[in-house]
Trainee: 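Handing you a structure now.
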Amino acid sequence: MSGQRTSREPVAIVGIGQTKHAAARRDVSLAGLVREAARRALDDAQLSWADVDAVVLGKAPDFFEGVMMPELYLADALGAAGKPVLRVHTAGSVGGSTALVAADLVAARVQRTVLAVAFEKQSESNAMWGLSLPVPFQQPLLAGAGGFFAPHVRAYIRRSGAPGGVGALVAYKDRRNALLNPWAHVHEHGITLERVRSSPMLWDPVRYSETCPSSDGACAVVLTDRAGAARAPHPPAWVHGGAMRSEPTLFAGKDFVSPRAGRDCAAEVYRQAGITDPRRELDVAELYVPFSWYEPMWLENLGFAAEGEGWKLTASGATELGGELPVNPSGGVLSTNPIGASGLIRFAEAALQVRGTAGEHQVDGARKALGHAYGGGAQFFSMWVVGDRPPTT
Amino acid sequence: MTPRDVAVVAFARSDHHGGADGASEPELLLPVLHDALSQAGLAPGEADFTCSGSSDYLAGRPFSFTLTLDSVGAWPPVAESHVETDGAWALYEAWVKILTGRADTALVYAHGKPTTGDLADVLTRQLDPYYLAPLWPDPYALAALQARALIDAGHLDEPPPAEAHAVLPLRAADFPAPVDGAAAVVLAAGDTARRMCDRPAWIRGIDHRIEPQAPGLRDLTDSPSTRLAAERAGAFRAPVDTAELHAPCTAQEVVLRRALRLDRTVTVNPSGGALAADPVMTTGLVRLGEAAARIHRGASGRALAHATSGPCLQHNLVAVLEGEDR
């Protein structure tokens, strides 16, 4: 880009907090839910509400809770009185976009310390119908996100020639990983591959155990500048690259299996982070996988595997915790899905890994990690790469 | 180090006349986006960054903003974001993006179709869902509370008793009629802006601040968030000749004039303001665009633009725009 000063402030992640995610958090209000995550992030950074200069709030459609523009009502609970509050909504990718908008505020030196919060309290409504557009906007043919995405999974299987059982492997892995993550929603003790394979078929070929749950939950991240990072009590994670890409929902020639917006977004993030071989240079990836088969699909879309080869990477065990490229050691969206927060949880889990603070699901020696989110009709993408060292460029 | 200079180089808005006559959001937007991009000499999809503002609650469907990408020409894919509020905040996000150096140009747009539902009922859903929203106090009732507080404090005259009131002490003429509409702005940095526009409207400062929502926690006769945003935007460093204020009620303009210390030398709302046309979620971006267009035309040297969100001026954005004498 031309003209004037374009040097950016390096952005550090110094605080991360999550709620315990559950099907219904009836013990807290909306305000209580976001505060729980925000308070934990501030405690992690050893900061108080007064240390925060601005708040960025993300969530998916307001119809999920029945509150229009809830940042207005939540401003007080988030300690934001007298501060800027920016409300982001980019469909399912919004959690990631929330982190990126917050990072830009620091990178542009508009603010020094920013609190990014994302949440969804899906028990307040029926999310499946909240995601199904009413007549007259759409013909009444689809039920929920699974109805939209299952045909694209079938297209992937046909195109790649993948054997039928790969999706179950992903679900079996992610649900076992979730047992190592105390915040995860679904803790399926005693899970077996056979149990995944014999669970009810919901949207062929996606079975019940290969589907994300509907969760109440929130996630919060504190981002700050170099000076803030120097004061941080724990080692920060650093943002090495971040980007968003969007394309229309439907058009002739759209590739739903491997959308170009996803490929372009990954290429831009890798360019910023100086990554030329993502499979070798990234130690762990937190990918937005709401239905099991999206793991091999995204592995290809993101350049971890050649086209048609993603399922082989999954089937080889490379994406398991302890494998060559662990994917979703947190248990992923398959185990926890407060939709508006799911992207920020991916971004936060990537940061936890490079800080070395992921607990039982820590990937040994993780130094660079990818956080990924997508939304809409596989059309909105947001990603970041984080590292344990400040960026050199 | 000095931050990058960013300017509004183009502005377009739809003609506001009631309902959109069955036009969808993309149909409402397409001519407006075309107009703004043409002014800046940009092809569809050519801006480095795109950001929009809108609300699902006006459209009555989730993800209502997704289909507007059809009007943007988002193929090949574009770097894009969306705020679930007035487009003025989309402009703020785009301004930040340009400051990071990751973009030189940005397309900002907003759309709103408040006539598709009962706006008074819809806006009650913005309120605290546990303690206030169940009472369904609409924006007219809340604005009337604010007007009553202003009268009690001596900042507003008691209305003549003979007049018909919409909601005491306010008349129907104190509120705008909701209209459907869309608006678009192009932002550009430095020399790019100078190439695109003879007289760019340079953003000398922009800031926004929020207050607690509960009306009982606030002094409704004042707007400390507007004053703070104006201070941070540098509005008080030199006098402005023009102010475009987003006041969806006459009494709220009184609050804003006081908070912004606007005297009689300032031309307020030469565009007609929010009272002349209130395409909800677009009205704030229109204020920024109208102030910029006045600078483009040479009718203003230094203008203030304001946008608001939430009940009784809860969340306020202030920008200071300047022309450059060459």
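All chains are named by letter (A, B, ...) in the order of the sequence lines, taking the proteins before the strands, and each is independently numbered beginning at 1.
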Trainee: Where is the tightest heavy-atom contact between Gln379(A) and Thr66(B), given as atom of each residue plus distance?
Mentor: OE1-CB, 4.0 Å

Trainee: Heavy-atom cut-off 4.5 Å, strictly under: side chain, backbone, both or neither for Val85(A) against chain B?
Mentor: both

Trainee: With side chains defined as the heavy atoms from C-beta onward, is the minimum distance between Arg87(A) and Val83(B) less than 4.5 Å?
Mentor: no

Trainee: Would the number of heavy atoms belonging to other residues, nucleotides or ligands and lying under 6.0 Å from CZ of Arg204(B) be above 12?
Mentor: yes

Trainee: Mind ranking Lys97(B), His208(B), His315(B), Arg232(B) by heavy-atom pairs under 4.5 Å with chain A and telling me who comes out on top?
Mentor: His208(B)

Trainee: Name the option with the most non-hydrogen atom pairs under 4.5 Å to chain A; the candidates are Ala214(B), Pro76(B), Pro224(B).
Mentor: Pro76(B)

Trainee: I need the residue from Phe65(B), Trp95(B), Trp89(B) with the largest number of non-hydrogen atom pairs under 4.5 Å to chain A.
Mentor: Phe65(B)

Trainee: Working to the nearest 0.5 angstrom, can you tell me the gap between Glu9(A) CD and Leu99(B) CG?
Mentor: 13.5 Å

Trainee: Checking heavy atoms, do the side chain of Ala243(A), its backbone, both or neither come under 4.5 Å from chain B?
Mentor: neither

Trainee: Less than 4.5 Å to any heavy atom of chain B: does that hold for the side chain of Ser93(A), its backbone, both, or neither?
Mentor: neither

Trainee: Which atoms of Leu228(B) come close to chain A, meaning under 4.5 Å heavy atom to heavy atom: side chain ones, backbone ones, both, or neither?
Mentor: side chain

Trainee: Identify which of Ala75(A), Ala81(A), Ala80(A), Gly82(A) forms the greatest number of heavy-atom pairs closer than 4.5 Å to chain B.
Mentor: Gly82(A)

Trainee: Which atoms of His82(B) are under 4.5 Å from chain A, going by heavy atoms: the side chain, the backbone, both sets, or neither?
Mentor: both

Trainee: Check each atom of Ser225(B) against the heavy atoms of chain A and say whether the ones under 4.5 Å are side chain, backbone, both or neither.
Mentor: neither

Trainee: Report yes if the side chains of Tyr92(B) and Leu105(A) come closer than 4.5 Å at any heavy-atom pair, otherwise no.
Mentor: yes

Trainee: Is Ser309(B) close to chain A through its backbone or its side chain, or both, or neither, when contacts mean heavy atoms under 4.5 Å?
Mentor: both

Trainee: Please give me the minimum heavy-atom distance between Ala108(A) and Val96(B), naming the atom from each residue.
Mentor: CB-O, 3.8 Å

Trainee: In terms of heavy-atom pairs under 4.5 Å, which option from Cys265(A), Ala54(A), Gly66(A), Ala77(A) contacts chain B the most?
Mentor: Gly66(A)

Trainee: Looking at Arg209(B), Gln213(B), Glu211(B), which one has more heavy-atom pairs under 4.5 Å with chain A than the rest?
Mentor: Arg209(B)

Trainee: For a quick test of reading the model, state the closest non-hydrogen atom pair linking Asp264(A) to Pro77(B) and the distance between them.
Mentor: OD2-CD, 3.6 Å

Trainee: So do the side chains of Lys254(A) and Trp75(B) get within less than 4.5 Å of each other, counting heavy atoms only?
Mentor: no

Trainee: Atom NE2 of His89(A) and atom OG of Ser81(B): how far apart are they, to the nearest 0.5 Å?
Mentor: 11.0 Å

Trainee: Please state whether the side chain, the backbone, both or neither of Val101(A) comes within less than 4.5 Å of a heavy atom of chain B.
Mentor: side chain

Trainee: From Ser382(A) OG over to Glu80(B) CD, what is the distance, rounded to the nearest 0.5 angstrom?
Mentor: 11.5 Å

Trainee: Mind listing the closest non-hydrogen atom pair of Gln314(B) and Leu72(A) along with its distance?
Mentor: NE2-O, 2.8 Å

Trainee: So which heavy atom on Leu69(B) is nearest to which on Glu247(A), and how close?
Mentor: CD1-O, 3.5 Å

Trainee: Are Phe63(A) and Phe63(B) close enough that their ring centres sit under 6.0 Å apart?
Mentor: no

Trainee: By a 4.5 Å heavy-atom criterion (distance strictly below it), what part of Phe380(A) contacts chain B: side chain, backbone, both, or neither?
Mentor: side chain

Trainee: To the closest 0.5 Å, what do you measure between OH (Tyr73(A)) and OH (Tyr131(B))?
Mentor: 8.5 Å

Trainee: Testing Thr124(B), Thr85(B), Val122(B), Leu127(B) one by one against Met68(A) for a side-chain contact (heavy atoms from CB on, under 4.5 Å), which residue passes?
Mentor: Val122(B)

Trainee: Which atoms of Phe64(A) come close to chain B, meaning under 4.5 Å heavy atom to heavy atom: side chain ones, backbone ones, both, or neither?
Mentor: neither

Trainee: Contact part of Leu217(B) toward chain A, heavy-atom cut-off under 4.5 Å: side chain, backbone, both or neither?
Mentor: side chain

Trainee: Heavy-atom distances under 4.5 Å only: say whether Leu30(A) touches chain B with side chain, backbone, both or neither.
Mentor: both

Trainee: Looking at Pro248(A), Ala107(A), Ser97(A), Pro84(A), which one has more heavy-atom pairs under 4.5 Å with chain B than the rest?
Mentor: Pro84(A)

Trainee: How many angstroms lie between OH in Tyr57(B) and CE in Met69(A), if you round to the nearest 0.5 Å?
Mentor: 12.0 Å

Trainee: Nearest 0.5 Å please: distance from the CD atom of Glu84(B) over to the CG atom of Leu57(A).
Mentor: 11.0 Å

